[in-house]
Amino acid sequence: MTSMAALKPKHFRWQAEGRIAKIRLDRPERKNPLTFDSYAELRDLFRALVYADDIDAVVFLPNGGNFCSGGDVHDIIGPLVKMDMKELLAFTRMTGDFVKAMLNCGKPIISAVDGVAVGAGAIIAMSSDIRIATPEAKTAFLFTKVGLAGCDMGACAILPRIIGQGRAAELLYTGRTMSAAEGERWGFYNRLVEADALEADAMDIAGRIVSGPTFAHGITKTQLNQEWSMGLDQAIEAEAQAQAICMQTKDFERAYNAFVAKEKPVFEGN
């Protein structure tokens, strides 16, 4: 296992607060667009988090009143127009690997959205486990606005599972903005929070998660993602095996002993 609390990334802000990592994209003057370098560094970060023993949850936060404006028009879209097919496929696979890394990092991810979360910014929120937003948040999967398909970075697989096929189809065909109120009503956002309380609320959720049985949380995240492609019998069997593994942990024993003693369990993640 590795330590990641003291990480110093080049292309975004990272801060560890206890066992919770906070990430902010750091180009607020342009509403925090992604670049080739920040995509790759984020992908590598989430791949490495699998092995981190000092981080148990991640919170994506806005910076300067905005979450993320997607791929930078000048730094990404301009160069893509000049690439050949092999180079383009390498890029789209890399951005897809970022989503895979988020799904497979073993740590719950919370996105706290303010301002714009569009294009790849909407994908980051979509690929998180829990999403909260301000009433002013504007979310758009605007790939059709630049002449592309809506099937970007897993959107056609993940978004319908969150908000339903028909709603997802409308957003992905039109590229229109989903308001914060729609996002909450449709289940994309767990709840709406005023801007001055957004970070504290996200950190409160993360704090409650990391105070729980974090090894078991990793199992929950794995099952939430892997069971998409399972039949019901497979899923029930997979959960039986997963739960038997968790029953071997010290946290399960701690919970029992605390219950007997009429105390609140203190979990240690093992």
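The analysis underlying the following values was restricted to heavy atoms, covering all of them including side chains, and did not include hydrogens, waters or symmetry mates.
N225 approaches L103 most closely through the heavy-atom pair ND2-O, 2.8 Å. Nearest heavy-atom pair across A133 and A137 is CB-CB, 3.8 Å. Shown here for D26 and N63, the closest heavy-atom pair between the two residues is OD1-ND2, 3.0 Å. Counting all heavy atoms, side chain and backbone alike, F252 lies closest to C246 at CB-O, 3.6 Å. Shortest non-hydrogen contact noted between A206 and A57 is CB-CB, 4.4 Å. Between I20 and V59, the shortest heavy-atom contact is CG2-CG2, 3.8 Å.
A donor-acceptor pair is defined here as one N or O able to donate and one able to accept, closer than 3.5 Å; no such pair exists between the side chain of D251 and the backbone of A216. One N or O on the side chain of R131 and one on the backbone of M126 form a donor-acceptor pair closer than 3.5 Å. Using a distance-only test at 3.5 Å, with no hydrogens or angles considered, no donor-acceptor pair links the side chain of D72 to the main chain of L34. A donor-acceptor pair is defined here as one N or O able to donate and one able to accept, closer than 3.5 Å; such a pair exists between the side chain of H217 and the backbone of I209. In this structure, S69 contributes its side chain and R30 its backbone to a donor-acceptor pair below 3.5 Å. Side chain of T214 to backbone of V210: no donor-acceptor contact under 3.5 angstrom is found. Using modelled atom types, one side-chain atom of N66 and one backbone atom of V116 make a donor-acceptor pair closer than 3.5 Å. One N or O on the side chain of T174 and one on the backbone of E170 form a donor-acceptor pair closer than 3.5 Å. Here the side chain of R13 pairs no donor or acceptor atom with the backbone of R24 at under 3.5 angstrom.
R19 pairs by the side chain to side chain donor-acceptor pair (under 3.5 Å) definition with D56, not counting sequence neighbours. Taking K138 as the reference, nothing meets the salt bridge (charged side-chain N to carboxylate O under 4.0 Å, His left out) condition, with sequence neighbours excluded. Applying the salt bridge (charged side-chain N to carboxylate O under 4.0 Å, His left out) criterion to E182, with sequence neighbours excluded, gives R176. Residues satisfying the salt bridge (charged side-chain N to carboxylate O under 4.0 Å, His left out) test with D201, not counting sequence neighbours, are R191. For D54, there are no salt bridge (charged side-chain N to carboxylate O under 4.0 Å, His left out) partners at least two apart in sequence or on another chain. When the side chain to side chain donor-acceptor pair (under 3.5 Å) test is applied to D204, the partners found at least two apart in sequence or on another chain are R208. Taking Y173 as the reference, nothing meets the ring pair (Phe, Tyr, Trp, His ring centres under 6.0 Å) condition, with sequence neighbours excluded.
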For a side-chain contact (heavy atoms from CB on, under 4.5 Å) check, start with the C-alpha distance between F67 and T139, then their side-chain angles and the critical distance, and finish with the verdict.
CA-CA 10 Å; F67 188 72; T139 311; over 6 Å; no

Apply side-chain contact (heavy atoms from CB on, under 4.5 Å) to the pair Q223 and T220, showing each step before the final yes or no.
CA-CA 5 Å; Q223 294 307 125; T220 299; 6.0 Å; no

Apply side-chain contact (heavy atoms from CB on, under 4.5 Å) to residues I132 and L198 and explain how you reach the verdict.
CA-CA 8 Å; I132 62 174; L198 183 67; 3.8 Å; yes

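Distance check: C68 SG to I23 CD1 gives 12.0 Å after rounding to the nearest 0.5 Å. With values rounded to the nearest 0.5 angstrom, T134 atom OG1 is found 3.5 Å from D114 atom CG. Between the CE atom in M247 and the CD atom in Q243 there is a gap of 5.0 Å [rounded to 0.5 Å]. With rounding to the nearest 0.5 Å, the separation of CG in N270 from CG in D53 is 11.5 Å. Atoms CH2 and CG, on W14 and L45 in that order, are 4.5 Å from each other to the nearest 0.5 Å. Of the inter-residue distances, the one linking F141 atom CZ with M178 atom CE reads 6.0 Å to the nearest 0.5 angstrom.
Criterion: ILVMFWY side-chain heavy atoms under 4.5 Å apart, direct or through other members. Under it, Y189 and L61 are not part of a common hydrophobic cluster. Following chains of ILVMFWY side-chain contacts shorter than 4.5 Å, one cannot reach F188 starting from L142, and the two form parts of different hydrophobic clusters. At a threshold of 4.5 Å between side-chain heavy atoms, the hydrophobic network of Ile, Leu, Val, Met, Phe, Trp and Tyr places I124 and V146 in one connected group. L171 and L148 end up in the same hydrophobic cluster when Ile, Leu, Val, Met, Phe, Trp and Tyr side chains are linked at under 4.5 Å. Residues M94 and I77 share a hydrophobic cluster, clusters being chains of Ile/Leu/Val/Met/Phe/Trp/Tyr side chains in contact below 4.5 Å.
Using a 4.5 Å cut-off on side-chain heavy atoms (C-beta onward), D97 and K100 make contact. When side chains are defined from C-beta on, E41 does not count as touching R43, because their heavy atoms never get closer than 4.5 Å. Two residues are said to be in side-chain contact when any heavy atoms from C-beta on lie closer than 4.5 Å; P33 and D75 fail this criterion. In this structure the side chain of F60 reaches within 4.5 angstrom of the side chain of L42, judged on heavy atoms.
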Please list, one pair per line, the donor and acceptor atoms closer than 3.5 Å that link side chains of residues 149-165 to other protein atoms, with sequence neighbours excluded.
residue, atom, partner, partner atom, Å
R161, NH1, A157, O, 2.6

Counting only pairs under 3.5 Å, give me each side-chain donor-acceptor contact of residues 256-268, with atom names and distances, residues two or more places apart or in other chains.
residue, atom, partner, partner atom, Å
N257, ND2, E253, O, 3.4
E268, OE1, R254, NH2, 3.2

N/O donor-acceptor pairs under 3.5 Å from side chains in residues 230-240, not counting sequence neighbours:
residue, atom, partner, partner atom, Å
Q234, OE1, G231, N, 2.9
E237, OE2, Q241, NE2, 2.8

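Under a cut-off of 6.0 angstrom, the local environment of NZ in K31 is sparse, with at most 12 non-hydrogen atoms contributed by other residues, nucleotides or ligands.
Residue pairs meeting the side chain to side chain donor-acceptor pair (under 3.5 Å) criterion with at least one partner in residues 118-129, sequence neighbours excluded, are S111-S128, D129-K221. Listed by first and then second residue, the ring pair (Phe, Tyr, Trp, His ring centres under 6.0 Å) pairs involving residues 71-112 are F36-F91, Y39-F91 (not counting sequence neighbours).
Salt bridge status for D37 with K10: absent, with no side-chain N to carboxylate O gap under 4.0 Å.
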